[in-house]
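Everything on this sheet refers to the single structure shown next.
Computed from heavy atoms alone, side chains included, the values below leave out hydrogens, waters and symmetry copies. Residue numbers begin at 1 in each chain, while the letters A, B, ... track the order of the sequences.
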Amino acid sequence: MFEVTIDQFRGPLDLMLFLIKEKKLDLFNLDIAELTLQYQNYITSMQQLNLEVASEYLSELAGLIEYKSKKLLPRDKTVLEAAAVEDPKESLVRRLLEYQQFKDITGQLQDRYLLRQQIYGKALSRKEIEDVMPDLLVEGNSYDLIRAMKKVMVRVSLQQPFETKIAARELSVDQRIDMLRRMINRFPASFALEECFADCPDIHLVLITFLAVLDMIRLGELLFTVDGEQIYLIRSTSDDGYNGNY
Amino acid sequence: MTDITVIIEGLLFIVGEQGLSIEQLSATLQCSEQEVLKAVDELSVFYKGFNRGIQCVNFGGQVKLLSASFIHPYAQHMLSIQKTRQLSQSALETLAIIAYKQPITRVEIEEIRGVGCDIMLRKLQAMDLIREKGRSEAPGRPILYEVTQDFMDVFQLMSLEELPKLEQIANSSSQELFD
Amino acid sequence: MTDITVIIEGLLFIVGEQGLSIEQLSATLQCSEQEVLKAVDELSVFYKGFNRGIQCVNFGGQVKLLSASFIHPYAQHMLSIQKTRQLSQSALETLAIIAYKQPITRVEIEEIRGVGCDIMLRKLQAMDLIREKGRSEAPGRPILYEVTQDFMDVFQLMSLEELPKLEQIANSSSQELFD
């Protein structure tokens, strides 16, 4: 049984590279039948765990099975040569090698990115040169703004299904706390406990939410009072020391 | 320069024209105000010692780096020949979100755009297109942003009412998706 | 430092993090790009030569002053700077492919990665790390993507040439696969 989950892979090629390494397959003399078997086992075990397997993984699986079955068919050399098609094995190996190259470069990019995050620029000195600043440096009109807002809205509406999918997945208590913090911002200073469950599609999330609320009370972010059978939560107004001033 | 002087130089650079007080520096570096003053002196002398485009000044206990004044005519020339700047798509999107939803916090903008926009907000602020408008009541009391008078000028708006309602945009954009 | 170097230092200080291109400097100072390049070199060497809290960099032809990296912990302490965000592996892969193969269409990127990346491309565009660069002649005339000036900045690249050659990576990585 694998201890890794599908989420750790960035796609079917990443998974194949993992299997090739894990099963010590020879990339330059790739046994497609063996790779197909391993890949299929993996996908099946993920599906048995009820993990969602993206369609990309399944379409590559179909491709692998096709390669494998072609290999089993009796070869007709003349047909193959006449068609002058690339050997499917070679093309798969080429794709894997190319993908591996880009996978390798990401480490370097990540390092460079993190280093750059640690050095800062300074803002434009406005006061120093105020008297020489021309009035308008920027050009634009209201149509630019409306178009930009349209783009934002289209993107948000396209992303909605993805976000719902994530919400329906299992959340950790910490993740739920982050969500609650944002939700609670929009609530009045005191509100009923039930408000926190308003977006819970199942009992599991209700439980996680309850744990999250308890934790937030422990952290002092929420206070609670009991009125009859009704529990009310109150946002703690204590300043946590954050002030954006220098 | 000594280590503490170098760190002070870096910090003064980052905060820019706002500068830092001797107390702030001493608290950050966990050393005495005497030591800070000595380091600031060393820094001023270092900048004076060379022919430099930057100077280090201490005005009433507020230490800052400034450009040397003979630079200003060049800066003026530079700005006058600069072509009008085109706002990038992400700048426009950020401005649009603020104009429609103001006052709004950084986190709320990031939720809508799906990407961080800390640097973008600083750029827009430096361009005087947005400004800080108090703080939200939310935990951490994050800064609220709103658009400025300059924003209205740049986009030729009499008031924000002139922008179409979001529902109108939504209707037209969903059509656009399917044609 | 020579006069022109001093003026460049002052101008770079004033404009801050957006920096100035060699062309902008040459137009402002009314001198050749060669002279500007020489002065910028002199400035970089001057900053490197001392133990300094500021550095002069050239990322993708945009010259700017930035704080030295060892200032980071102090700045973080003083300015309550938010934690550095990591880019996801998928974002990095997509960016790497574009940087090496640009201009490139979405379909070509998806062929290499083996997964769809429509939303990823839009996020990277919103972050100003990639931009549209016309359309391919291929059927359907798909959009071509390339990396932006901001990409050069966030990965501290003077030019894309600085990235390792792909063949070099291929050799080392295939070895790595089998040890």
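For chain A, the nearby part of Gln55(C) is the side chain; its heavy atoms alone come within less than 4.5 Å. Contacts of Phe59(C) with chain A are made by side-chain atoms alone, with heavy-atom separations under 4.5 Å and no backbone atom involved. Contact annotation for Leu96(A): neither backbone nor side-chain heavy atoms come within less than 4.5 Å of a heavy atom of chain C. Contacts of Ile54(C) with chain A are absent, with no heavy-atom separation under 4.5 Å from either backbone or side chain. Contact of Ala68(C) with chain A is made through the backbone alone, with heavy-atom distances under 4.5 Å.
In this structure, Phe155(C) and Tyr113(A) have tilted ring planes: the angle between them lies in the 30° to 60° band.
When side chains are defined from C-beta on, Leu66(C) counts as touching Lys64(C), because their heavy atoms get closer than 4.5 Å.
Summarising the geometry, atom CD belonging to Glu146(C) is positioned 10.5 Å from atom CD belonging to Glu132(C); distances are rounded to the nearest 0.5 Å.
With chain A as the partner, the residue from Ala96(C), Gly116(C), Gly19(C), Ala91(C) showing the most heavy-atom pairs under 4.5 Å is Ala96(C).
By the side-chain contact (heavy atoms from CB on, under 4.5 Å) test, Ser90(C) is found to be paired with Arg10(A), Ser88(C), Arg113(C), Met120(C), residues two or more places apart in sequence or in another chain being considered.
A donor-acceptor distance shorter than 3.5 angstrom exists from the side chain of Glu35(C) to the backbone of Ser32(C), with no hydrogens or angles considered.
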